[in-house]
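Only a predicted model underlies this, so the values are computations on that prediction, with no experimental measurement involved. Note that ligands are numbered from 1 as they come in the structure, with each ligand's atoms numbered from 1 the same way. Values reported hereafter were calculated over all heavy atoms of this structure, with side chains retained and with hydrogens, waters and symmetry mates removed.
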Amino acid sequence: MDPITNLISSFTRFPGVGGKSARRMVFYLLKKDPTELRELGDRIASLKDGLHKCSECGNISVGDPCPICCDALRDRGTLCIVEDIEDLVSFEQAGVYNGLYHVLGGRVSPFDDEELSEESVEFLLSHIRELNAREVIIATNPKMEGDLTYYTLLEALKEARGLREDLRVTRLAFGLPVGGSIEFADRMTLHTALESRVAAQLGKGETL
Ligand SMILES: [Zn+2]
């Protein structure tokens, strides 16, 4: 394949980019001078250099712990559990939340053969214990996978030891359309989803 076709095919692997957009991007790049192209190439090549997974929350940043976990002005008693870093970024950009996060880095999705690993659940539980959190907000997406992930986490929280007796477990109230996602929600929707979050429905007679 020639370089143009090669690059078009690379760009079509990006999420949400079809053949037409990929072609436009490549022809845009063809008009740029070689220095600019090399700079872009270098930025892509070095993207992961110096980045770490935060050992407290699973976020990715230059430092460990990440700036959010280090921020003394945040409410350290509230933990918002998100599926991916993109969801954390959406909340941060919306500026509607001032607690800490925990990034699961996955979800329960039978169709994709995805499960939450024991390590990832243990990582979450130890984070909650470490903070002695008063509230965990389960902010999974309003999709079947998000529901399954929510129930899996709820079970894990029920069985976990060493959490506060009065730990409050809540879930985002979706204002978000079913099948929608946190990643693409606007500020107002995220604000409403957080503000009107609901207490987790536990089984009869069960406590956390
Ligand atoms: Zn962190």
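Only protein N, O or S atoms were scored, and 4 of them lie under 2.8 Å from the Zn ion (ligand 1).
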For Leu167 and Glu135, what are the C-alpha separation, side-chain angles and deciding distance, and is it a side chain to side chain contact (heavy atoms under 4.5 Å, CB included)?
CA-CA 6 Å; Leu167 176 70; Glu135 177 177 356; 5.6 Å; no
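With side-chain heavy atoms closer than 4.5 Å counting as contact, directly or through intermediates, the hydrophobic cluster containing Ile4 also holds Leu7, Ile8, Phe11, Phe14, Val17, Met25, Val26, Phe27, Tyr28, Leu29, Leu30, Leu37, Leu40, Ile44. Within the hydrophobic cluster formed by Ile, Leu, Val, Met, Phe, Trp and Tyr side chains joined at under 4.5 Å, directly or through other members, Val198 stands alone, with no partner residue.
For His127, the ring pair (Phe, Tyr, Trp, His ring centres under 6.0 Å) partners two or more places apart in sequence, or in a different chain, are His102.
A salt bridge is absent between Lys31 and Glu36; no separation between the charged side-chain nitrogens and carboxylate oxygens falls under 4.0 Å. The pair Asp147-Arg171 meets the salt-bridge criterion, since a charged nitrogen lies less than 4.0 angstrom from a carboxylate oxygen.
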